[in-house]
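Lettering of chains follows the sequences in order, A, B, ..., and the numbering in each one begins at 1.
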2 protein chains.
Amino acid sequence: MAQLNNVTPLFKDLAKVEHEHNIACKECSLYRLCLPLGLHSNDLAQLDKIIKRSQSYTRGQPLFATDTPFKSIFVVRSGSFKTTVQASDGREQVTGFYFPGEFIGMDAIYEQAYKSTAKALESSSVCELPFEKLQEFGATMPQLQVQMMSRLSKELSGDKTLMFLLGKKTAEEKLATFLLSLSRRFQDRGFSAREFQLSMSRGDIANHLGLAVETVSRLFTRFQDEGLINIQGKAISLVDSDKLKQLCG
Amino acid sequence: MAQLNNVTPLFKDLAKVEHEHNIACKECSLYRLCLPLGLHSNDLAQLDKIIKRSQSYTRGQPLFATDTPFKSIFVVRSGSFKTTVQASDGREQVTGFYFPGEFIGMDAIYEQAYKSTAKALESSSVCELPFEKLQEFGATMPQLQVQMMSRLSKELSGDKTLMFLLGKKTAEEKLATFLLSLSRRFQDRGFSAREFQLSMSRGDIANHLGLAVETVSRLFTRFQDEGLINIQGKAISLVDSDKLKQLCG
DNA sequence: AAGGCGCATTGACCTGGATCAATTATCAGT
DNA sequence: ACTGATAATTGATCCAGGTCAATGCGCCTT
């Protein structure tokens, strides 16, 4: 329950020590989730040199904006981010939420410009990977290229799943799926799969799932009434994740 | 109007000559849309050797099925394909349509298994790129890796756009956007942006856009009544693409 | 040319979730 | 501790687009 009331930024503790210091990749607590995985240690040392480490962002601060030139890919170090695409009429779609070890900005490689906006959801930090350097290194480190492609492919695969969710699932299924996806990601990062903080607003969740805020709010209440979850503000606890799993469709 | 009544497979003529012969990449009419773009000619010759060329598929025939091991990426040579993701309850989402020069199967790299199904929409052919070989070559041809990443990134970027469409657009906006996207792709391939054949069924279109078949059918009729398009079966002609552009939102 | 089958169209009706509106929490800043 | 702003909840109503049902149209097969 202590964790439920913990209002410090998500994952802060995970990278607490490293946050202020320029710790090397191989000492980083995110190592096994991150890009360098599988590199030889001399290659890793090389990579280490080009990474701009632990840049900090506060809640709402943009990591990059739409239509700015592409320079770097970012890896979340601590905290969390959201990405959105906008239409000229102001409508926008939250295309993803990003947690430590996840990559942001890969969809900009082709156009050589960011086609989305990334914003911090809380106090967060990233490692910046200058893409040009990454390419240079790739020439001598095929393993790095494989890793990069693998990452791109993973996001692609996730996007297809999201397309299914947006196109075919009901509101209930959407929200259940979303909660379990978060749960799994928290678990992968060594946190409780049962209790965590939602760093994004109800509005962000609704937008991401193609729903209205009111619908999300009502569903949270209903899920709680039905004993599936326990939610209080940003603190959520998955009481019956089996039932939740069934609701995913 | 002749083209409207042309019932031969889409793009057949584009790759007609090459279709039966094992023509080299640099002689291929799709060259400027395809992977080898930007490779040095000796690298290209190498690549040429590993490509399994012009395999043919008939309407409805699967290129690969969900959960089969990942071996190759495919490039459409002629005709067209659709990809779908399925849920256990039978629901499925058409995640994309693919035309000559476009890549299929890139979302399988990470999982090392296809997580979607690809089916030919008409008589079609592909070039198969064995991924393992592609990786080997990548070690000595950084340019190839860049191309691959660029491709992956392009699809990623397209998927985000599709997410916006699925999550935020009205039925009318969805269909208008879809038609113009097709139009642009036909144009890129040297065909008329105004008149073309829809190789996919109304059902496929509806599914892809997160709509019911009936809605798509009604919209086609309405667009025609309003003088925006001319449609007769699979043959469509964009009469007022400016107005159509306005409808995209 | 007749029958059959899948696809497409059209009409009538219904509903899940959006929208509108009114409170009520929550929280950041002083 | 107070306060204004922003986010979240809850209720009432509405409508875009889904569902159901009937019919029409190619197109293939014999």
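An OP1 or OP2 oxygen of C/dG17 is reached within less than 4.0 angstrom by no side-chain nitrogen or oxygen of A/Thr215.
The nucleotide whose nearest atom lies closest to any side-chain atom of A/Thr221 is, among C/dT10, D/dT10, D/dT19, D/dT10. Comparing C/dA8, D/dA7, C/dT10 against the side chain of B/Lys234 picks out C/dA8 as the nearest. Here D/dT10 is the nucleotide among C/dA18, D/dT10, D/dA21 with the atom lying nearest to any side-chain atom of A/Glu214.
Side chains of B/Cys127 and B/Arg53 form a contact here, defined as non-hydrogen atoms less than 4.5 Å apart. Taking 4.5 Å as the limit, some side-chain heavy atom of B/Phe164 sits within range of a side-chain heavy atom of A/Arg91.
Of the possible donor and acceptor atoms, none in the side chain of B/Ser241 sits under 3.5 Å from a partner among the backbone N and O of B/Leu244. Listed for the B/Ser192 side chain is a donor-acceptor partner under 3.5 Å among the backbone atoms of B/Arg194.
Residue-level contact check: A/Ala171 touches the backbone only, with heavy atoms under 4.0 Å from sugar-phosphate atoms and none from bases. At a threshold of 4.0 angstrom between heavy atoms, the contacts of A/Gly203 are confined to the sugar-phosphate backbone, with no base atom among them. At the heavy-atom level, A/Ser217 lies under 4.0 Å from base atoms of the strands shown.
Rounded to an integer number of Å, the gap from B/Leu211 CG to D/dT19 P is 11 Å. Computed from coordinates, the B/Lys174 NZ to D/dA16 P distance equals 14 Å when rounded to whole Å. As rounded to whole Å, 9 Å separates atom C1' of D/dG18 from atom CZ of B/Arg218. Separating the CZ atom of B/Arg91 from the P atom of D/dG18 is a distance of 14 Å, rounded to the nearest angstrom. Atom-to-atom, CZ of A/Arg59 to P of C/dT26 comes out at 16 Å; the value is rounded to the nearest Å. Between A/Glu122 atom CD and C/dC27 atom P the separation is 14 Å, expressed in whole Å. Straight-line distance from the CZ atom of B/Arg222 to the P atom of C/dG11: 14 Å, rounded to whole Å. Remark: P of D/dA8 and CD of A/Gln224 are 15 Å apart, rounded to the nearest angstrom.
Both A/Ala212 and B/Ser201 lie near DNA chain C, and the one whose nearest nucleotide falls closer to the 5' end is B/Ser201.
Put simply, the side chain of B/Arg202 and the base of C/dT10 share no donor and acceptor less than 3.5 Å apart.
A donor atom on one side chain and an acceptor atom on the other are found under 3.5 Å apart for B/Glu155 and B/Tyr98.
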